[in-house]
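Please read the structure below before turning to the comments.
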Amino acid sequence: MSDSDGFDLDAYLAHLGWAGERRPDTATLKGVHLAHMRGIPFENLDALRRTAPSLELPDLMVKLVRGRRGGYCYEQNTLLATALRALGFGVTLLTARVVVGTDRIESRPRTHMTLRVDVPGDPQPYLADVGFGAIGALLEPVPLVLGGEFEDAGRRHRFVRVPHRGPLEMWMLEAHISGSWQPQYAFTLEPFEHVDLEVINWHIATNPRSPFTQRLFVQRVTAERHLLLHGSLLTETRADGEVRKRELTDEDDVRRLLDEEFDIEAPEGMKLLT
């Protein structure tokens with residue numbers, strides 16, 4: 001399959017509500033990225049049923065663009081990568097080790113997909129990622145450069161280098177959360193191919209030890225708030241920093257919440273609380 005077989009750029013941008021320019025420049029890159037983050041929810045409903053979601057473009061269009069569903073990193077970033085290439089950007093697929101919750105980078109496999117994006121005429125590459133289901137996720141792409149911090153639609157990020165045994169330099173994305181810099185994921189700039197991501201996607205969606213097969217992970221981002229449902233815990237983080245949490249105990253309440261707050265239509269008969 002080519003990069004564009006089964007992909008409809010017009011339908012994708014219309015779904016995001018993007019009516020801006022379609023030029024391969026920094027403004028378009030940031031605008032489309034932010035519109036995608038706010039327009040398509042993050043969710044792992046397929047993996048919760050131990051089913052690897054399809055990464056084929058026609059299936060991604062049906063599920064994430066034309067259907068009331070979302071997806072996780074392999075789906076989200078495959079869709080974004082295809083759109084950016086159609087707009088004239090250069091895109092390289094990367095993989096990362098998620099380090100939230102651990103002190104040892106090597107304790108986590110490379111199970112996250114992220115993107116290096118090259119803007120024509122701009123020597124500075126960017127990191128783009130619409131598939132990281134956490135409060136530390138990028139809202140807009142940020143330059144792949146050390147020595148400073150970046151504000152992306154109200155969030156703050158930076159890169160640091162971390163030691164490891166490999167021949168390539170390892171980058172760490174950090175997010176400024178609750179007054180401190182917190183590591184999010186680590187990666188090298190080695191290119192990966194679509195077939196590599198197919199293997200990782202199958203593993204993370206079917207391995208019984210994968211966190212995505214054990215409990216719900218659902219996220220939606222708006223200009224006013226970040227909404228995260230992790231298992232039965234719903235966390236709402238407002239733009240002013242206020243955080244509200246509540247536990248859900250009823251399957252019908254979870255299904256109604258997905259429908260009304262996340263714009264997700266959960267499959268009939270699926271058990272949502274585990």
Side-chain angles (χ1 to χ4, degrees), residues 33 37 42-44 47 71-78 80-81 92-117 125-152 155-192 196-197 199-205 207-219 221 226 228-231 233 235 237 243:
H33 190 288
M37 282 294 292
F42 178 98
E43 51 106 325
N44 69 321
Y72 60 8
C73 67
Y74 317 107
E75 301 166 277
Q76 301 269 10
N77 282 326
T78 295
L80 177 65
T92 302
L93 311 182
L94 306 176
T95 63
R97 304 179 190 275
V98 177
V99 296
V100 177
T102 184
D103 295 327
R104 291 186 60 249
I105 296 173
E106 297 81 6
S107 69
R108 299 280 180 83
R110 292 198 188 203
T111 57
H112 180 60
M113 176 188 182
T114 188
L115 306 173
R116 168 185 164 146
V117 179
Y126 290 77
L127 186 77
D129 187 352
V130 292
F132 194 52
I135 190 67
L138 295 175
L139 293 180
E140 296 175 329
V142 294
L144 263 171
V145 63
L146 296 170
E149 62 180 70
F150 312 100
E151 181 172 327
D152 47 297
R155 294 184 181 178
R156 291 165 61 192
H157 289 88
R158 72 179 184 184
F159 293 109
V160 297
R161 291 269 173 80
V162 289
H164 77 126
R165 294 193 299 269
L168 301 179
E169 294 177 322
M170 180 161 284
W171 297 67
M172 177 85 79
L173 176 70
E174 295 187 334
H176 196 266
I177 302 172
S178 301
S180 65
W181 288 103
Q182 300 182 20
Q184 301 300 300
Y185 54 79
F187 59 98
T188 62
L189 297 181
E190 175 188 2
F192 279 70
D196 301 317
L197 277 303
V199 174
I200 305 172
N201 175 50
W202 180 85
H203 162 79
I204 204 71
N207 189 324
R209 293 187 296 176
S210 165
F212 286 109
T213 64
Q214 298 174 23
R215 63 187 64 86
L216 269 177
F217 285 89
V218 187
Q219 169 185 277
V221 179
H226 175 274
L228 174 65
L229 179 60
H230 180 192
L233 179 63
T235 302
T237 304
V243 178

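Just so you know, residue 1 is the first one in the sequence shown, and it goes up from there.
Residues L146 and R161 meet the side-chain proximity criterion, which asks for heavy atoms closer than 4.5 Å. Taking 4.5 Å as the limit, every side-chain heavy atom of L115 sits out of range of all side-chain heavy atoms of L127. When side chains are defined from C-beta on, L197 counts as touching L93, because their heavy atoms get closer than 4.5 Å. A heavy-atom distance below 4.5 Å is found between the side chains of F159 and L173. Under the 4.5 Å side-chain criterion, counting only non-hydrogen atoms from C-beta, I200 is not in contact with M113. Residues F42 and F132 are not in side-chain contact: their nearest non-hydrogen atoms beyond the backbone lie 4.5 Å or more apart.
Side-chain N or O atoms of R110 include none that pairs as donor or acceptor with a backbone N or O of L94 at under 3.5 Å. For H226 (side chain) and Q219 (main-chain N/O), no donor-acceptor pair under 3.5 Å exists by modelled atom type. Within the 3.5 Å criterion, the main-chain N or O of A128 finds a donor-acceptor partner in the side chain of T114. A donor-acceptor distance shorter than 3.5 angstrom exists from the side chain of T213 to the backbone of N207, with no hydrogens or angles considered. In this structure, Q76 contributes its side chain and G71 its backbone to a donor-acceptor pair below 3.5 Å. The closest donor-acceptor contact from the side chain of Y74 to the backbone of T111 lies under 3.5 Å. A side-chain donor-acceptor contact under 3.5 Å links R155 to the backbone of A137. Remark: side-chain polar atoms of N77 are paired, donor with acceptor, to backbone N or O of V130 under 3.5 angstrom. R108 places a side-chain N or O within donor-acceptor distance of the main-chain N or O of V100, the cut-off being under 3.5 Å.
In plain terms, the two heavy atoms of A96 and Y185 that are nearest each other are CB-CD1, 3.5 Å.
R156 meets the side-chain hydrogen bond (donor to acceptor under 3.5 Å, both in side chains) test with E149, H176; sequence neighbours excluded. Taking the side chain to side chain contact (heavy atoms under 4.5 Å, CB included) definition, one finds that L233 meets it with T235, K245, E247, sequence neighbours left out. For Y72, the side-chain hydrogen bond (donor to acceptor under 3.5 Å, both in side chains) criterion is met by N201, not counting sequence neighbours.
The structure places CE of M170 at 10.0 Å from CD of E190, a figure rounded to the nearest 0.5 Å. Taking CZ of R116 as the start and CG of D129 as the end, the distance is 15.5 Å to the nearest 0.5 Å. Here E106 contributes atom CD and R97 contributes atom CZ; the two are 7.0 Å apart, rounded to the nearest 0.5 Å. With rounding to the nearest 0.5 Å, the separation of CD in E140 from CZ in F150 is 12.5 Å. The CH2 atom of W171 sits 13.5 Å away from the CZ atom of R158 when rounded to the nearest 0.5 Å. How far NE2 of H230 is from CZ of R215: 4.5 Å, rounded to the nearest 0.5 Å.
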After noting the C-alpha distance and the side-chain angles of T95 and D196, does the key distance pass the side chain to side chain contact (heavy atoms under 4.5 Å, CB included) rule?
CA-CA 9 Å; T95 63; D196 301 317; over 6 Å; no

Assess the residue pair M172 and V99 against the criterion (side chain to side chain contact (heavy atoms under 4.5 Å, CB included)); give the C-alpha distance rounded to whole Å, side-chain angles, the decisive distance to 0.1 Å, and a yes or no.
CA-CA 9 Å; M172 177 85 79; V99 296; 3.6 Å; yes

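More than 12 heavy atoms of other residues, nucleotides or ligands shown are found within 6.0 angstrom of CH2 on W181.
Checked by atom type, the side-chain pair H33/D152 shows no donor-acceptor distance below 3.5 Å.
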